[in-house]
There are 2 protein chains.
Amino acid sequence: MSNISDVAKKAGLSVATVSRVINNHPYVSEEKRQAVYEAMAELSYQPSSAARQMRGQSTKIIGVIVPRITNPFFSYLVDEIQQIAFQNAFQIMIFQSNESSEKELSFLELLAKKQIDGIIMCAVEQDQEVIQEFTKYGPIVLCNERFDNDQLPTVSLDQVNGAYLGVNYLLEQGYEKIAYATGGQFEEAGKDRDRNKGFNQAMADAKVPIKSEWLFVNCHTISDGRKIAREISKMSDVPEAIFTGSDEVAAGVIVEAQKLGIKVPLELAVLGFDDQPLAELTTPAITTIRQPIQTLGKETFNLMLSLLQERPYQIDGTKLQMSLVIRESA
Amino acid sequence: MSNISDVAKKAGLSVATVSRVINNHPYVSEEKRQAVYEAMAELSYQPSSAARQMRGQSTKIIGVIVPRITNPFFSYLVDEIQQIAFQNAFQIMIFQSNESSEKELSFLELLAKKQIDGIIMCAVEQDQEVIQEFTKYGPIVLCNERFDNDQLPTVSLDQVNGAYLGVNYLLEQGYEKIAYATGGQFEEAGKDRDRNKGFNQAMADAKVPIKSEWLFVNCHTISDGRKIAREISKMSDVPEAIFTGSDEVAAGVIVEAQKLGIKVPLELAVLGFDDQPLAELTTPAITTIRQPIQTLGKETFNLMLSLLQERPYQIDGTKLQMSLVIRESA
DNA sequence: ATGAAAGCGCTAACAG
DNA sequence: CTGTTAGCGCTTTCAT
């Protein structure tokens, strides 16, 4: 590997001039600039990123924390972020927090070590104060997660509205006995609180009571969905419809319900969330709430970029709307 | 951020000693070692990775190239690799080549820039010589891809056998009019050539002729699968079964076929590949060839690690067997 | 067993 | 416009 002084020697110039050319500084004559380019090409020179980093420059790497990459919602989100990062000459480093706050902390520390320029958090396990503390090392932006008093730069979708949209649709279809599967604990302040709020609000607006037996917590996977279907099948008072937190859960409910002889949507209407590819694969296909993942990813990265460059950025919220996709399951 | 000399000062020792402690060198008295640890803790000192890299040390980052992370096969593979990388204190950097050889090349160059220690290629777009060239900068291991005369360290599954297994099962079920959807071009030397070989072999062994109209090339997605179903429905001579290159394609075929009134598996048996979660979601559920992704990921990373540490590693091929998972679609 | 000091490759004053 | 030079934080001889 050749270094900057090899290039300088070859071009018959000083390292400073070479450095200036690399960094597109003004005040270099066109003639010498060309000479440097030639020398770089001949030596197939690549500036050492380590050395540049040490000089306090950026790493051109953004960390992205997700709970788990195998969840299609996140793999699509990461895909989007990575595409536009690549266009901007950034690499991204994916971290899976696996709902472990220690793991998350170890990723945050990479920012302190200056191994990455910034972090996009699509999952958060720490308290706000802890995260806030790390912002002094570099920008941290929250993506589709938020704290109630958001001090941190955040791009998020209106989950309250998303849930309201879904539950309200169920209500409009005439369903009143509505079950709900949340990814969190159905707590005031915990995970998925915004969706819970939307659910509560829609039910309250329609003056339909919520039945606590029909509340399923901590549901994320296909097999969680299957479990729900089994539980429902054993109930004496069964719900007519269920609003789930993801298409995967919905798919699980549908598949298992049918195995148990429960007709969907006739005996149990199922509403998904996300609009993942698999939503079209089940029979019946899943009616769901579409989250604009592409725009979400794009806006998040743009916000990160503007923070890095210390220029203002206005998020275009109009493109971040949830929408209802009606198929067959509800 | 405090640096090594802050720690040295605090501990009343030299930077050299601190460095020795950090790197677990011998010849440091237990007493001073403790003093250093204390000072590090008090200052919450983190060695700068940039500085270490510049000293020719490793980055503790492995790059992983996949075609696209949204493909569940790869997201599960990456998940597995990342889990065991984390256990070994490595970070992984995911690159999506999107079937573009320029993109792939730009990732390979990160190895030359010493920004990463090694590369795991789960997709390859370059010629072998090009890749070989980069091995002088660090280890490159192929994962589930291979060249015919493999010079490069490789962990791969027996795709010939996998395909043979599937097609043979179809044959055993009495199907003779068998269609085949490959991810490549059905060429002797191109992509998916091993599976093609398995297909050809199984058909030849059973003395069943291959019909070229029933060969579909370049199929990867659900919508590719749908397209196939539509084409089949228009044929005058229709196949009785189809062997696909992935569960996604199979799912697309199934969903669209049923929409068109073709009964699966009665009128068209469908065989998938991978055993992805979605294989259980369609009606009928997909009969498929299971690839041992977890073991594949683990063996690949272990091989990389051994290369990095320049010690030998024997891949345990017995755990890398394909298997047939019989469900309902064939 | 410990410390002083020489770089690793690069950028950014500073001087011309 | 261009060159000289002092570090960035760390590891590693080479002394002691």
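- Distance, A/L43 CG to C/dG9 C1': 15 Å, rounded to whole Å.
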- Task: Using the side chain to side chain contact (heavy atoms under 4.5 Å, CB included) rule, take A/K60 and A/Q91 through it: C-alpha gap first, then chi angles, then the decisive distance, then the call.
- Result: CA-CA 6 Å; A/K60 290 286 205 174; A/Q91 298 292 345; over 6 Å; no
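- For the pair A/R20 and A/S2, nearest-nucleotide mapping onto DNA chain C gives the more 5' position to A/S2.
- Note on B/K32: a side-chain N or O is less than 4.0 Å away from OP1 or OP2 of C/dT2.
- The distance from atom CG of B/L13 to atom C1' of C/dG3 is 10 Å, rounded to the nearest whole Å.
- Here C/dT11 presents its C1' atom at 12 Å from CE of B/M54, a figure rounded to the nearest Å.
- Not a single donor-acceptor contact under 3.5 angstrom links the side-chain atoms of B/R55 to the base of C/dG9.
- Summarising the geometry, the separation between NZ on B/K114 and P on C/dC10 is reported as 13 Å, rounded to the nearest angstrom.
- With D/dT4, D/dT11, C/dT2 as the choices, the nucleotide that has an atom nearest any side-chain atom of A/S14 turns out to be D/dT4.
- Closest to the side chain of B/Y45, out of D/dG9, C/dG3, D/dC10, is D/dC10.
- Applying the 6.0 Å contact sphere to NZ of A/K9 captures no more than 12 heavy atoms from other residues, nucleotides or ligands.
- Counting non-hydrogen atoms under 4.0 angstrom, B/P47 reaches the backbone sugars and phosphates but no base.
- Considering only side-chain N and O atoms, B/R52 lies under 4.0 angstrom from the phosphate OP1 or OP2 of D/dT11.
- The aromatic rings of A/F107 and A/F95 lie parallel to each other, with less than 30° between the two planes, well short of the 60° mark.
- Contact annotation: B/T17 side-chain N/O to C/dA1 OP1/OP2 distance is not under 4.0 Å.
- Other residues, nucleotides and ligands contribute only 12 or fewer heavy atoms inside 6.0 Å of the CD atom of A/Q294.
- Atoms CG (B/N23) and P (D/dG9) sit 17 Å apart, rounded to a whole Å.
- Within the structure, a side-chain polar atom (N or O) of A/S29 is placed less than 4.0 Å from OP1 or OP2 of D/dT2.
- Comparing D/dT11, C/dT11, D/dC10 against the side chain of B/S48 picks out D/dC10 as the nearest.
- Closest to the side chain of A/V28, from the set D/dT2, D/dC10, C/dG9, is D/dT2.
- Around the CD atom of A/Q309, the shell of radius 6.0 Å holds more than 12 heavy atoms that belong to other residues, nucleotides or ligands.
- Comparing C/dG3, C/dT2, D/dG3 by their nearest atom to the side chain of A/A16 picks out D/dG3.
- The distance from atom OH of B/Y27 to atom P of D/dT12 is 15 Å, rounded to the nearest whole Å.
- Distance, B/Q115 CD to C/dG9 P: 16 Å, rounded to whole Å.
- Separating the CG atom of B/N3 from the P atom of D/dT11 is a distance of 12 Å, rounded to the nearest angstrom.
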